Amino acid sequence: MDNRKIEQYVKELTTEKDKRLIYKILMKIRSDVVKTRDGIEAFHAQGGLKPIMELIKRPNEKLVDISLSILGNCCTVEECAKKATDLGAIPPLILLLRTMTSDSIQCRVCRILGNLAGDSSIAKIIQDRGISSILPSVLDDGKPIPTLLMAVRLISKLWKMSNFQRETRELGITKKMMKILIKFSQKDPSGEGSSSSAAPGDDDALARMHPNQEFRESTRKMFNTVVKKMENVRSDIFDYSILGKATKESAADDEFVAPTEVDKCDLFLAIMRCIQMMLKDSRLYMGEHILADGNGYKCLVALGRQNHQFRVSVLSIISTMAYDTLDRDVIGRANAVTMASELLQRDYSEDAEKCLSALEMRNCVTIICLLASDSCNRAKIRHSGALKTLLQRFRVTECRQERDMIMYGLTFFCYDQMSIQLLVKEGLIGALIKRLAEELAEATVDHVKIDRETTDLKVTKRKRFQQLEIDLLMKRLRSRSPKPWNFSEPGSPSSCSGYGSLYTNQGSPSSYGSISPKSSSPRSTDLESDDESATYSPVCSDDDDDATHPPKMPKIEKASAEPLAPELDPIIDEDSTQIADILAVEETSQEAALIDAVAAKNEVVETCTIKRILLLLRDMPLRLAHAPELARVESLQALLKASRFISNPHGYCDKILCFVAQDTKNFVPLLQNDFVIDIYKLRRTDYDHKNCQSCQEMKTMSSSVLGTLSAIAESGYGRGELAHYLLTGEPGMRKHVAIIATFIIRAPKFLYTFLVDHSALYTVMEIILTDERSLAEKACLGITALAGNLNIADNPGREETENMEYDEDGYTLVCLGHSMISFVVKDNQRVAFSEKILKECSDVFNSMLTSQFKESINKEIHISDISVAGIKYFLNLIVLNRAESLDTVPLTSDMTPALEAYELSMRYMLTDLEGALVTVIRKIINESSALRVFQWAMNNNNHHLLEISIYYYLTSDICGQTKSTMFREADMSEYGNQWNQLILDTIVDKCVASMDLTS
């Protein structure tokens, strides 16, 4: 528009006194000038705001109304909004809102204040003027929809002020907004579709049974009453197949209906977005406000089910409130579980626009899983078919937090035999194993050292927490007030032992329904875990550990920008994008809230997805008679790999693997793979961990599972299967089963049958010496396990003697001032030593050095077959023997000096040194020196060292590859035949001796 025309309008507004002419000018300004941004800026440049500000102060309702409309449009521009504030627009606007009863004026004032509140500094001025005390009167359900819409919009803009948030909660503004939703969505009781009306088919059936309609109605009411009393909740949790009915649509029972009018839809969306903003900051007391007159949650559930426009906000609100355990009961009675289940399973193939987004699916999953803590909700979930859908989501979703939430929800179904069978039938175990393998691909070793100080510190902290929180707990129980921020409510995801809580024989957690399987048989004690979380139910038990922070508030998802009331003024939707931005947050914030909701009391244990998966695998299949999926090769490999990574494998994997091993149906499948060998390998880890509690648990678990397999293998069925494969199996299978038998057969009489009668021992030795390396390594491990089963062990003798650091030249300290005699050793090297000490320590030396032998005359003792290291080690032991200190024997790093010293001790008849050196050799023998000891023993016909070397070959707990190499070197040596025969004879003789002892 021409600037001169605008200037004329402004001048006329300033000078004109006639109200009619002023009104006509204002109408022209609104229709011709301020309908575009350029017009608003031109109007502002000509100083048009000042006369408008004067007009809204006049006691003329008609002029005030049109002036407010113009001012509202002008305030959509930031510069105009700031100018209006500088001209003192806020005080008269607040006064108009407080004193004027005109709905139109109240609507326009709320619109202007909402536009001004986009600036934080202006919003503070509005809040300081006491706007929060006026809004409750504006938010009356009798007001027109545009007025309510602008009032809700104003609340959304002012919510960023912390003082406004506090005052809003105190004044119950949220409750008034919920009452508006309830009123405008209330279904007409006299209308069609009332939930109390009977289906025509049912009425016809009853009419044939009894002609009296009054009797039929009373009978129907009595039946419904009985059903409700039986379950103590709504009767629609029943499985309708039992009642002979098809599953009915939940929407037919809703007491509320979603609006179809555009203005009502806009109002509903604005209210729900505003509530989302409130929940983003705090859930404190919000449950009571959203409940309103008792129908708040029912209204939200109906709106979310019937209209996809409201679905995003409804799901976000309900999923956020479901984190509060105090509200779960109310949300469950509102049938939110059924709504979320139906949405998750609904077929949107005909209308792609109504399809659930990924965030909506996660919110549905959150609602279902958090409310699954109640037994009646679990019945609804199972009845609706949502269990299958949850499992499908678990398979396909790439969101870790959503998978964690699903696992948390499935944990509650561990008591329900029907649900467990359904889930296992649908492939739960396979899905869990697949996810477990994916997690293990990126996992790191999480072992725990044995540390007494850390344990003591944890107990002290737990006691301090109990003393600090006990008063708050008792106060809460008396007043029924919401929980303090730092106290975890029993049953909440933050207080339970996470997804992996083990449940005791108290039965399923239930809040009120008799459907809870408390009468079901408890788990047997042999399947109970001995980890710290083993005695806590995620619903029934109080938190007995350190306090954890409550779950983070889930933030509000991004809502689509919608115009608020386009029919009110020409540009009433000017800042709808700004409101959407206020409500919007990244989806990752919602995902971050999910994982916090399921974090449990242990800092490490329950934040580990691997352990959550293992807990589900432990709890669910163990209530089944048979779980063949767990006996598959990929399942066993994943479980064994998890055992090596997690901090307490005994508490997680042990029960699963024992369950697999004790099922006789799995015995043959386990024989056909390397499970037995792999479980034995847990006894010796690849980690260099000292004082590691996790490694100790791995060894304990290995012994436990192998013991379970041994019980089956030694039964008539097991022996029959082993004998069948050993005698009639294919060559490859015969070799494999021969190796397996060395691990799992422990009874001597059965061992003798398999080893000798069925030639398993000879087959194993043949594999070690001639077969391919991989199979030979397994056979070597079988020999080690066989030696353990037969209790083959070298006599420890003086094994308990202490060791001291070896100083090669330490013997010279006692020779000072003594007459010396020289030992001439290999390569004519000389080593001097005290003649006096030699005479004292040995009669042989005494005779040699006091008689007319050449050693006495030349003061030299020639020992050409002994090295310098050997003679020095020998002399050091003589010094220790003289001082009677052989209890602390120095160990040499090389076997050669020890063998040479041992030979000298026998040559010069030093009995004490012989015993000490046998102990030294027993301690330092290893894979590189075993053959040397064996050959020395054979050359010198020494049964002590022969026994040590043979026992080392059998019992050394080293890797299969090293042991295989050691066996083949011995077999190819000079005494290979004798070595082979000694190995076989030692095993057979020990087996026969054990049979004699047990008979």
Side-chain angles (χ1 to χ4, degrees), residues 677 680-685 695-696 698-700 702-704 706-707 710 739 741-752 754-756 760-761 764-765 768 779-803 889 891 895 898 902 914-934 936-938 942-960 962-964 966-967 970 978-999:
I677 301 171
Y680 179 82
K681 289 181 180 179
L682 294 179
R683 300 166 60 91
R684 185 179 183 276
T685 65
C695 292
Q696 293 296 329
M698 288 169 60
K699 296 178 182 178
T700 304
S702 175
S703 300
S704 175
L706 287 175
S710 296
I739 296 173
T742 60
F743 288 95
I744 58 177
I745 300 297
R746 298 183 178 182
K749 63 178 181 178
F750 299 143
L751 260 178
Y752 186 87
F754 286 107
L755 295 181
V756 180
L761 178 58
V764 170
M765 288 299 298
I768 294 175
C780 287
L781 291 178
I783 289 294
T784 305
L786 177 61
N789 293 338
L790 289 174
N791 295 320
I792 297 176
D794 191 10
N795 184 11
R798 300 178 66 176
E799 192 80 26
E800 56 283 333
T801 58
E802 299 180 4
N803 303 323
V889 181
L891 298 181
M895 180 60 74
Y902 181 68
E914 285 185 42
L917 283 164
V918 169
T919 301
V920 169
I921 293 171
R922 181 181 290 114
K923 288 183 177 181
I924 68 173
I925 189 172
N926 54 34
E927 58 270 16
S928 61
S929 60
L931 180 58
R932 199 182 319 159
V933 174
F934 172 73
W936 190 95
M938 292 297 293
N942 187 289
H943 71 280
H944 291 296
L945 298 193
L946 188 64
E947 185 180 78
I948 290 174
S949 62
I950 292 298
Y951 280 5
Y952 182 79
Y953 276 105
L954 292 174
T955 62
S956 55
D957 190 11
I958 55 179
C959 69
T962 303
K963 195 161 189 173
S964 173
M966 187 173 65
F967 270 53
Q978 292 87 335
W979 172 86
N980 204 322
Q981 190 62 43
L982 284 170
I983 291 290
L984 296 175
D985 290 346
T986 302
I987 295 174
V988 174
D989 291 346
K990 187 65 178 178
C991 187
V992 172
S994 300
M995 290 172 58
D996 294 338
L997 289 175
T998 57
S999 60

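Heavy-atom basis, side chains included; hydrogens, waters and symmetry copies ignored. Remember, predicted model here, so these are calculated numbers, not experimental data.
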Contact between [X] and [Y] at the side-chain level, heavy atoms closer than 4.5 Å - yes or no?
X    : Y    : answer
Y951 : T986 : yes
Y953 : L931 : yes
L982 : F934 : yes
K963 : I768 : no

How long is the straight-line distance from [atom2] of [Y] back to [atom1] of [X], given to the nearest 0.5 Å?
X    : Y    : atom1 : atom2 : result
L946 : W936 : CG    : CH2   : 11.0 Å
I744 : I677 : CD1   : CD1   : 10.5 Å
S949 : L945 : OG    : CG    : 7.5 Å
H943 : I948 : NE2   : CD1   : 10.0 Å
L984 : L755 : CG    : CG    : 10.0 Å
I924 : M895 : CD1   : CE    : 4.0 Å

Smallest separation among heavy atoms of [X] and [Y], with atom names:
X    : Y    : answer
G707 : R746 : N-NH2, 3.6 Å
G782 : T742 : CA-OG1, 3.2 Å
K990 : N791 : CE-O, 3.6 Å

Do you see a donor-acceptor pair shorter than 3.5 Å between the side chains of R683 and S703?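 Side chains of R683 and S703: pair found under 3.5 Å.
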By side chain to side chain contact (heavy atoms under 4.5 Å, CB included), which residues pair with E927, not counting sequence neighbours?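 By the side chain to side chain contact (heavy atoms under 4.5 Å, CB included) rule, E927 matches Y952, I958, T962, M966.
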Keeping the roles fixed (side chain from [X], backbone from [Y]), state whether a donor-acceptor pair exists under 3.5 Å.
X    : Y    : result
S929 : I925 : no
S964 : G960 : no
S702 : M698 : no
T784 : T955 : no

Please step through side chain to side chain contact (heavy atoms under 4.5 Å, CB included) for the pair I983 and L954, ending with a clear verdict. CA-CA 8 Å; I983 291 290; L954 292 174; 3.8 Å; yes
State whether the number of non-hydrogen atoms from other residues, nucleotides or ligands found under 6.0 Å of F967 atom CZ is greater than 12.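 Yes, because the 6.0 Å sphere around CZ of F967 holds more than 12 heavy atoms from other groups.
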Side chain to side chain contact (heavy atoms under 4.5 Å, CB included) partner of F743, chosen from L786, L781, N789: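 Considering L786, L781, N789, a side chain to side chain contact (heavy atoms under 4.5 Å, CB included) with F743 is found only for L781.
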